[in-house]
Amino acid sequence: MLKLFNTLSRKKEIFQPIKNKKVGLYTCGPTVYDVPHIGNLRCYIFEDILKRTLIYNGYKVRHVMNITDVGHLTSDADTGEDKIEKSAKKQKKSPYEIAKFYTKIFKSNLKDLNVLEPDLWCKATEHIKEQIELTKKLERRGFTYRTKDGIYFDTSLLPDYGKLARLDIKGLKAGARIKIVKGKKNLTDFALWKFPPKDKKRLMEWESPWGIGFPGWHLECAAMSIKYLGVPFDIHCGGVDHIPIHHTNEIAEAEGAYGKNFVNYWLHCGFLKIEGEKMAKSLGNFTTLEDFRKRNFSPLAFRYLCLQAHYRSSLNFTWKGLKSAQNALTKIYETISGYKKESKESPQTWGRRFKEAINDDLNTPLLVSLVWEMIRSSLKESVKLNLLFEIDKILGLNLKDQWQTTSIVPREVLALVAKRENYRQKKEWDKADEVRKKIKKMGWWLEDTQEGPKIKKMIK
Ligand code: AMP
Ligand code: ZN
């Protein structure tokens, strides 16, 4: 029995898909104007754990992720510059080149973190027609109005607008200090289709029944998730920052247009913070996977770090924390490298405990501690190995690959180790050091112990 915390009800609910054993999953993708930071990446790791857990429970998952390559403005209040266009101008490139460049980095980051690829990627710029259609549907149902600046959604016409965030609409109005965009009827109204600024030519714009313009950001996720998963579909995810605006407005668009429930389960990941503050590109306090590499940290050490926290709690990032995560992961790799042969035996109690942990709203911190408890138990090593490989289908820490490579040290490496020992015995330290460097270059780490040199595969 899989339980998931649904933001809609603020409760853990037993997961029940719409279609027997099939799950439609939509995860909001990146806005590709810059490299992803580790806060974004935490979110994709959480979604990956969710997806792997669904698969582990025997569901067939159809996973769709979008790429935002137009329409995401620097301000959530439908003002400001388009993030992609801004980056394009700064780098003197076309918006399409910018999007392509950062999409590639994003995808390679996901690969390094062992995040399974979605079944379908979809770009906002390739679904303009669908976004226009959705807006037309809303127009026909009377939800839209026109201002000088675009076509807007009248949120006062949807009785349960704001239900996901539990927005206090009256309170919002009373306490409103932000300047409302000219022509907007209500504070929470948002743009479906925007016209380009009068005096400026945009780099990306399209024809529409309302004139040349571009889609508002929320529209793409509503239009594409509906196209590929239908209405309603099972699970929609993102970071907690998406609850009050982006996801709230997606719901308004979909439910306004179709007159029925849009998504059954909404799951949100807590913030990754740094020095107590949300990590964000706009705050300039961000760290990337590239920064990890420069400091010799493995992306999987970061994955391990994320597993140690529950996805709904915020995670305060520190280098010290990352260091201990890397140590713990290396320790697992080291320990299992001594295990011989995998057995077929899989004691049910352990399997059940693992499953209970992950099925309780993805309790990965408990799962990690169970993994250690099992490693330290008196089970046969071959059985432990079997259990570890099984649970790694969710953890995604490359345990099998690591075990396979560490348990077979290549002959050339062994030869170099012997050569180095030879030099050491002759007290030719410089030469011995040279050989050690060579071994390191080949991806192996040498440690001198009382029982002689020990070789370990360096984690990537
Ligand atoms: P963006 O590229 O800004 O649209 O963000 C991509 C995803 O990362 C979204 O689901 C955001 O909610 C999420 N996100 C952004 N910043 C953080 C953070 N500091 N911690 C966790 N998730 C975040
Ligand atoms: Zn989205």
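Order of listing sets the numbers, starting from 1, for every ligand and every atom in it. What you see is a predicted model; the values in this text were computed from it and never measured. Numbers here are sequence positions counted from 1.
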- [ ] Round to 10° and report the angle made at the Zn ion (ligand 2) by SG of Cys28 and NE2 of His246.
- [x] 120°

TODO: State the atoms of ligand 1, each with its element, that fall below the 4.0 Å cut-off from a heavy-atom position in Gly270.
DONE: 21 (C)

- [ ] Would you mind listing which atoms of ligand 1 come within a distance below 4.0 Å of any non-hydrogen atom of Lys278?
- [x] 16 (N), 19 (N)

Task: Per-atom contacts of ligand 1 with Gly238, taking only distances under 4.0 Å to non-hydrogen atoms - done: 10 (O)

- [ ] Considering only NZ, NE, NH1 and NH2 on the basic side and carboxylate oxygens on the acidic side, decide whether Asp112 and Arg293 come within less than 4.0 Å.
- [x] yes

Open item on the list: A side-chain contact here means heavy atoms from C-beta on lying under 4.5 Å apart; do Arg62 and Tyr228 qualify?
Closed with: yes

Open item on the list: Contact between Ile391 and Tyr56 at the side-chain level, heavy atoms closer than 4.5 Å - yes or no?
Closed with: yes

TODO: Specify the protein heavy atom at minimum distance from atom 20 (N) of ligand 1: its residue, its atom name, and the distance to 0.1 Å.
DONE: Leu272 N, 2.8 Å

- [ ] Heavy-atom distances under 4.0 Å are what count here, so tell me which part of Asp241 touches ligand 1: side chain, backbone, both or neither.
- [x] side chain

- [ ] Please write down residue, atom name and distance for the protein heavy atom closest to atom 9 (C) of ligand 1.
- [x] His242 NE2, 3.4 Å

Open item on the list: Against Trp403, only a single residue in Tyr339, Tyr333, Phe389 fulfils ring-ring contact (aromatic ring centres under 6.0 Å, His included); can you say which?
Closed with: Phe389

Task: Residue, atom name and distance, where the atom is the protein heavy atom closest to atom 8 (O) of ligand 1 - done: Asn40 ND2, 3.1 Å

- [ ] Report yes or no: does His218 have an N/O/S atom closer than 2.8 Å to the Zn ion (ligand 2)?
- [x] no

TODO: Return yes when Ser314 approaches ligand 1 closer than 4.0 angstrom through a heavy atom, no otherwise.
DONE: no

Open item on the list: Show me which atoms of ligand 1 lie under 4.0 Å from any heavy atom of Pro30.
Closed with: 2 (O)

Task: His246, His247, His268 screened by ring-ring contact (aromatic ring centres under 6.0 Å, His included) with His236, the one that passes - done: His247

Open item on the list: Is it the case that the side chain of Asn66 and the backbone of Cys122 share a donor-acceptor pair, with hydrogens and angles ignored and the cut-off at 3.5 Å?
Closed with: no

Task: Winner among Pro36, Gly39, Ser282 once heavy atoms are compared against atom 21 (C) of ligand 1 - done: Gly39

TODO: Name the closest protein heavy atom to atom 4 (O) of ligand 1, giving the residue it belongs to and the distance to 0.1 Å.
DONE: Thr31 OG1, 3.5 Å

TODO: Please report which non-hydrogen protein atom sits nearest to atom 10 (O) of ligand 1, along with the residue it belongs to and the distance in Å to one decimal place.
DONE: Gly239 N, 3.1 Å

Open item on the list: Suppose I only count heavy atoms of Cys43 and a 4.0 Å limit; which atoms of ligand 1 are within that range?
Closed with: 10 (O), 22 (N)

- [ ] Starting from atom 7 (C) of ligand 1, find the nearest protein heavy-atom neighbour and note its residue, name and distance.
- [x] Tyr44 OH, 3.5 Å

- [ ] Over all heavy atoms of both residues, which pair between Gln326 and Asn296 is shortest? Give the atoms and the distance, please.
- [x] NE2-O, 3.1 Å

Task: His37 contact mode with ligand 1 (heavy-atom cut-off under 4.0 Å) - done: side chain

Task: Flag side-chain contact, heavy atom, 4.5 Å: Tyr152 against Lys194 - done: yes

Task: Part of Arg42 with heavy atoms under 4.0 Å of ligand 1, whether side chain, backbone, both or neither - done: neither

TODO: Look only at the side chain of Asn6 and the backbone of Leu8, and say whether a donor-acceptor pair between them is shorter than 3.5 Å.
DONE: yes

- [ ] Among all protein heavy atoms, pick out the one at the shortest distance from atom 19 (N) of ligand 1; state its residue, atom name and that distance to 0.1 Å.
- [x] Met279 O, 2.9 Å

- [ ] Would you check, one step at a time, whether the test side-chain hydrogen bond (donor to acceptor under 3.5 Å, both in side chains) holds for Glu47 with His63?
- [x] CA-CA 10 Å; Glu47 291 159 355; His63 177 198; 5.6 Å; no

Task: Centroid-centroid distance, Phe195 to Trp193, less than 6.0 Å - done: no

- [ ] State whether Lys100 and Glu97 are salt-bridged, where the test is any N-O pair (Lys NZ or Arg NE/NH1/NH2 against Asp/Glu carboxylate O) under 4.0 Å.
- [x] no

